[in-house]
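Below is one structure; the comments refer to it alone.
Note: hydrogens, waters and symmetry copies are ignored here, and every other heavy atom, side chains too, is used. All ligand and atom numbering here is 1-based and tracks the order in the structure.
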Amino acid sequence: MKYDYLIVGAGLFGAVFAHEMTKEGKKCLVIDKREHIAGNVYTKKWEDIDVHWYGAHIFHTSNEEIWNYIGQFAKFNNFINSPIAVYKDELYNLPFNMNTFSKLWNIKTPKEAQAKIREQIESLNIGEPSNLEQQALSLVGTDVYEKLIKGYTEKQWGRDCTELPAFIIKRLPLRFTYDNNYFNDRYQGIPEGGYTAIVEKMLEGIEVRLNTEFKEYMNSGADGNTFDKILYTGMIDEYFDFSLGELEYRTVYFEHELMENVENYQGNAVVNYTEREIPYTRIIEHKHFAFGKQPSTVVSKEYPKSWEKGDEPYYPVNNERNNALYEQYAKLADGEKNVLFGGRLGQYKYYDMDKVIEAALQMVADNR
Ligand code: UDP
């Protein structure tokens, strides 16, 4: 069989690309090394609860086009992410807002909070922030940094905050209103029925082969199939057999637990544990993403670690060393005329879901 595209990876990027190219009349084959579609957005029903199997995914975007696009595949609920942070048995609201500051300093007004932060920042004498620690300190001062950022970040990234890029902390809003919405985006929600159903719909009518590893498949003759082009959404360094060296990724391990006859374990979908001594970064209680009323609950503890061969990669570590190495791989990629590279792993970018869709649609437009 002759295909226009071999799409490697049935995650969000691959599925959007396959869907759109199929609509354009292209013949696509999607392969994935896992036994299921949907990559890391995969959700699985457990006791009638959609469990985010590879970590919490909350869809949010300010791009109306992307919101409408994803809306073709599912109805979204009105979930708003408002995580709680636990530090030494004290609870704080996230993101950093008046509720957080009021709890930390027993103050009421934005003016008092701003004064407190200013006082803490002034003594530090930071110029233009050049790493995550300086960026965090210059935004929120020492108390918030020490209690809510330092330990969590060092656990999540496995290195000191001084060795991390500043942009990571800028993902979080800072506001002087009593507003616990973790995102500033115009649109937000969780798809009713889970993310797997979305990807299933995107891939409707498209051939998908699971448990199929790209290199093995190609080396074994690809069932005699031929492909005009390939879209590769796996790790770019792995595609090139790590020939220029390894890019670093972080992975996370989950302890998923069904708690029978526990209706409500922690009262919130996401609870972050920000102190260094607790080995996990957060506990997710999945039913709360969908306002579930089931008699039991499923919770997942999230343990970050360095990626090693055999692990699932989750986050690119976008520091200078890795970004420079990625640029070299990107040059090699330019030389592969019939291969496109997409997604968090193919483009070594800390993409959110909306940005993944945007990038996939752009790639479709560029290859029409
Ligand atoms: N972060 C933090 N404390 C928290 C939550 C987040 O310091 O309680 C920092 C941390 O450095 C993290 C970054 O903010 O890597 C981005 O967090 P986000 O929730 O966006 O990460 P994701 O959900 O993508 O893992």
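Considering only residues two or more places apart in sequence or on other chains, Leu244 meets the side-chain contact (heavy atoms from CB on, under 4.5 Å) condition with Leu325, Gln328, Tyr329, Leu332. Partners of Pro95 under the side-chain contact (heavy atoms from CB on, under 4.5 Å) rule, at least two apart in sequence or in another chain, are Asn97, Pro173, Arg175, Tyr182.
Ring centroids of Tyr239 and Phe341 are separated by less than 6.0 Å, placing the two rings close together.
Sorted by first and then second residue, the ring pair (Phe, Tyr, Trp, His ring centres under 6.0 Å) pairs with a member in residues 107-128 form an empty list; sequence neighbours excluded.
With respect to the salt-bridge test (charged N to carboxylate O, under 4.0 angstrom), the residues Lys305 and Asp311 qualify.
Between Asp143 and Gln120, the side chains place a donor N or O and an acceptor N or O closer than 3.5 Å (distance only, hydrogens not considered).
Near ligand 1, Leu94, Leu148, Ile149, Tyr152, Thr153, Gln156, Trp157, Ile168, Ile169, Arg171, Leu172, Tyr182, Asn272, Thr274, Arg282, Tyr315, Tyr350 each place a heavy atom less than 4.0 angstrom from the ligand.
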